[in-house]
Amino acid sequence: MTRGRFITFEGIDGAGKSTQHAWLVSHLRAQGRTVVATREPGGTPLGEKLRALLLSEPMHLETEALLMFAARREHVAQVIEPALARGEWVICDRFVDASFAYQGGGRGMSLDKLQQLAVWTLGDLTPDLTLIFDAPVAVAQQRLHAATANPDRFEREQAAFFERVRQAYLQIAQANPQRVRLIDACKRLEDINQEVASIVSTLC
Ligand code: TYD
């Protein structure tokens, strides 16, 4: 059986990646594909409990990283690897790049330590494609404030934090041109849908 495809969605809070994630999932299902739609942190019952803690409880930045990777380990074992082995497509709202961008870029955690956690947690699992939705921080914050009544622990961070996260994502895109595509999230929704569909069609 052919292994499925693994596509991850990334970007700063408010860039609009979750809307695009939902759109791609329905687009692929309409084409008749079996798709697993999932997210991080979360994606499993245990992962969702860890997510609730991560989004609400203050904690040391390395505790935060360890919990992100603990949730990810469970997600990879219970959901992602089995689905890919069954030939299904896994469309994941955030994955390991978010740890490098948020805990590394945003909070300043050692990239070396994050890399060790990534090797330990993922083995040789790498997304086939990562879409990074990029928008200026001011634009993303405006969208976020319009859409979110009760911001979580990350969404309450200052603009400077999101600037660092954004720069980290831009560096990830530059360093991984084969895997990562950067998408201008300021464009019209329909134009972004088309761009996403066209990029994803190259994986078929
Ligand atoms: P997010 O996808 O933004 O959830 P929602 O759109 O429902 O608000 O994810 C929640 C937060 O988790 C987000 O602010 C980024 C953060 N995060 C990390 O800091 N590191 C990680 O490794 C992951 C997966 C997420």
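Just follow the structure's listing: the first ligand is 1, and inside any ligand the first atom is 1.
- Of the listed options His21, Arg94, Glu40, Arg72, Arg94 places a heavy atom closest to atom 2 (O) of ligand 1.
- Of the heavy atoms in Ser99, both backbone and side-chain atoms come closer than 4.0 Å to ligand 1.
- Under a cutoff of 6.0 Å and an axis angle of 45°, Arg72 and Phe69 form a cation-pi pair.
- Partners of Glu62 by salt bridge (charged side-chain N to carboxylate O under 4.0 Å, His left out), not counting sequence neighbours, listed by chain and number: Lys113.
- Looking from atom 6 (O) of ligand 1 to the surrounding protein, the closest heavy atom is Ser18 OG, 3.6 Å.
- Looking at heavy atoms from C-beta onward, Leu28 lies in side-chain contact with Gln31 at the 4.5 angstrom threshold.
- Of the protein's heavy atoms, Met68 CE, 3.2 Å lies nearest to atom 18 (C) of ligand 1.
- Here the shortest heavy-atom distance to atom 23 (C) of ligand 1, taken over Gly16, Gly106, Gly105, Ala98, belongs to Ala98.
- Residues passing the ring-ring contact (aromatic ring centres under 6.0 Å, His included) test with His145, sequence neighbours excluded: none.
- For atom 25 (C) of ligand 1, the nearest protein heavy atom (residue, atom name, distance) is Pro41 CD, 3.5 Å.
- In this structure, Val35 and Arg29 approach most closely via the heavy-atom pair O-NH2, 3.0 Å.
- In terms of N/O distances under 3.5 Å, ligand 1 is approached by Glu155.
- Atom 7 (O) of ligand 1 has as its closest protein heavy atom Arg51 NH2, 3.1 Å.
- Short contacts between ligand 1 and Lys17, defined as distances under 4.0 Å to a heavy atom of the residue, involve ligand atoms 2 (O).
- Salt bridge annotation for Arg107-Glu64: present, with a cationic side-chain nitrogen under 4.0 angstrom from a carboxylate oxygen.
- A salt bridge is defined here as a Lys NZ or Arg NE, NH1 or NH2 lying under 4.0 Å from an Asp or Glu carboxylate O, and Arg86 with Glu81 fails to meet this definition.
- In this structure the side chain of Arg179 reaches within 4.5 angstrom of the side chain of Asp97, judged on heavy atoms.
- Residue, atom and distance of the protein heavy atom nearest to atom 19 (O) of ligand 1 are Gln103 NE2, 2.8 Å.
- Where the criterion is an N or O separation shorter than 3.5 Å, residue side chain and backbone included, Tyr102 fails it with respect to ligand 1.
- Residue contacts with ligand 1: Asp13 is placed with a nitrogen or oxygen under 3.5 Å of a nitrogen or oxygen of the ligand (distance criterion only).
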